[in-house]
Amino acid sequence: QVQLVESGGGSVQAGGSLRLACATSGYTYSTNCMGWFRQAPGKEREGVAGIHSGGGYTFYADSVKGRFTISRDNAKNTAYLQMNNLKPEDTAMYYCAAGSYFRSSLDKTDFSYWGQGTQVTVSS
């Protein structure tokens, strides 16, 4: 059974930082691209950041570029999202996902496996 489990969410003030982790099991993690998506109440799920299997290529949504950093530790089968300079508009449920490929964008249809999400709340 493929499982992705997010952790690290919480409540912070604007300007603060959080580090999300996505622990994976039950599939070939090292051959998959990893992505982070988020969904705010009343909005569609959107791609935030992605990373290829070897870690050499990353993608960021314009809204988080320069503030968020995605990384992966393949020895631990874990992906991370370092979030700095958080803003209230970053408030959302954050989901980890695994898929076969992405390039210039993150589309949820390109990701086959999903975690249950971790809540990030940023207050002003």
Side-chain angles (χ1 to χ4, degrees):
Q1 185 80 3
V2 175
Q3 294 187 70
L4 283 68
V5 180
E6 302 95 336
S7 62
S11 298
V12 298
Q13 293 185 349
S17 298
L18 287 172
R19 190 193 192 202
L20 308 184
C22 174
T24 68
S25 63
Y27 80 117
T28 308
Y29 165 88
S30 62
T31 66
N32 277 273
C33 298
M34 300 296 298
W36 287 95
F37 291 73
R38 68 186 182 187
Q39 188 167 21
K43 294 186 176 182
E44 189 175 358
R45 189 172 300 186
E46 63 175 350
V48 175
I51 188 167
H52 281 183
S53 60
Y57 178 82
T58 56
F59 168 86
Y60 298 95
D62 288 342
S63 59
V64 307
K65 195 171 298 181
R67 299 188 296 121
F68 291 10
T69 302
I70 188 171
S71 62
R72 61 191 297 161
D73 185 340
N74 290 348
K76 297 181 178 180
N77 293 342
T78 301
Y80 303 91
L81 185 67
Q82 179 68 47
M83 305 186 296
N84 297 328
N85 302 316
L86 284 161
K87 304 175 181 179
E89 52 262 45
D90 295 319
T91 295
M93 184 73 72
Y94 283 72
Y95 298 90
C96 177
S100 59
Y101 183 77
F102 75 90
R103 184 175 180 179
S104 59
S105 64
L106 289 179
D107 190 321
K108 61 184 180 182
T109 63
D110 293 327
F111 291 82
S112 301
Y113 308 106
W114 295 84
Q116 295 299 306
T118 185
Q119 179 68 39
V120 172
T121 302
V122 185
S123 62
S124 60

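Owing to the predicted nature of the structure, the values given are computational and were not obtained by experimental measurement.
- The CZ atom of F37 lies 7.0 Å from the CG atom of D107; values are rounded to the nearest 0.5 Å.
- Annotation for R103 and Y57: closest pair O-OH, 2.5 Å, computed over non-hydrogen atoms.
- A continuous path of ILVMFWY side-chain contacts below 4.5 Å connects F111 to M93, so both sit in one hydrophobic cluster.
- For the atom pair CZ of F68 and CG of L86, the computed distance is 5.0 Å after rounding to the nearest 0.5 Å.
- Hydrophobic clustering places L20 together with L4 (ILVMFWY residues linked when any side-chain heavy atoms are closer than 4.5 Å, directly or through intermediates).
- V122 is not listed as a side-chain neighbour of E89, based on a closest heavy-atom distance of 4.5 Å or more.
- For the salt bridge (charged side-chain N to carboxylate O under 4.0 Å, His left out) test with R38, the passing option among E44, E46, E6 is E46; the others fail.
- Side-chain atoms of Y60 come within 3.5 Å of backbone atoms of I70 as a donor-acceptor pair (strictly under, hydrogens ignored).
- Put simply, the side chain of M83 does not reach to within 4.5 Å of the side chain of D90, judged on heavy atoms.
- Between W36 and C96 there is a side-chain heavy-atom pair separated by less than 4.5 Å.
- For the atom pair Y101 OH and H52 NE2, the distance stands at 5.5 Å (nearest 0.5 Å).
- Distance check: I51 CD1 to C33 SG gives 9.5 Å after rounding to the nearest 0.5 Å.
- Under a hydrophobic clustering in which Ile, Leu, Val, Met, Phe, Trp and Tyr are joined whenever their side-chain heavy atoms come within less than 4.5 Å, directly or via other members, L81 and W114 fall into different clusters.
- Linking Ile, Leu, Val, Met, Phe, Trp and Tyr whenever their side-chain heavy atoms come within less than 4.5 Å puts M34 and V2 in one cluster.
- Atom OG of residue S124 and atom CD of residue Q13 lie 9.0 Å apart, to the nearest 0.5 angstrom.
- Transitive grouping of hydrophobic side chains (ILVMFWY, heavy atoms separated by less than 4.5 Å) brings V120 and V64 into a common cluster.
- The minimum heavy-atom distance linking T78 with A23 is given by the pair OG1-CA, 4.0 Å.
- Proximity of a side-chain donor or acceptor of N74 to a complementary backbone N or O of G54 within less than 3.5 Å is not detected.
- Between S17 and N84, the closest heavy-atom pair is OG-OD1, 2.9 Å.
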Show your reasoning for whether side-chain contact (heavy atoms from CB on, under 4.5 Å) applies to R72 and T24.
CA-CA 11 Å; R72 61 191 297 161; T24 68; over 6 Å; no
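- Considering OH of Y113 and CD of Q1, their distance stands at 10.0 Å, rounded to 0.5 Å.
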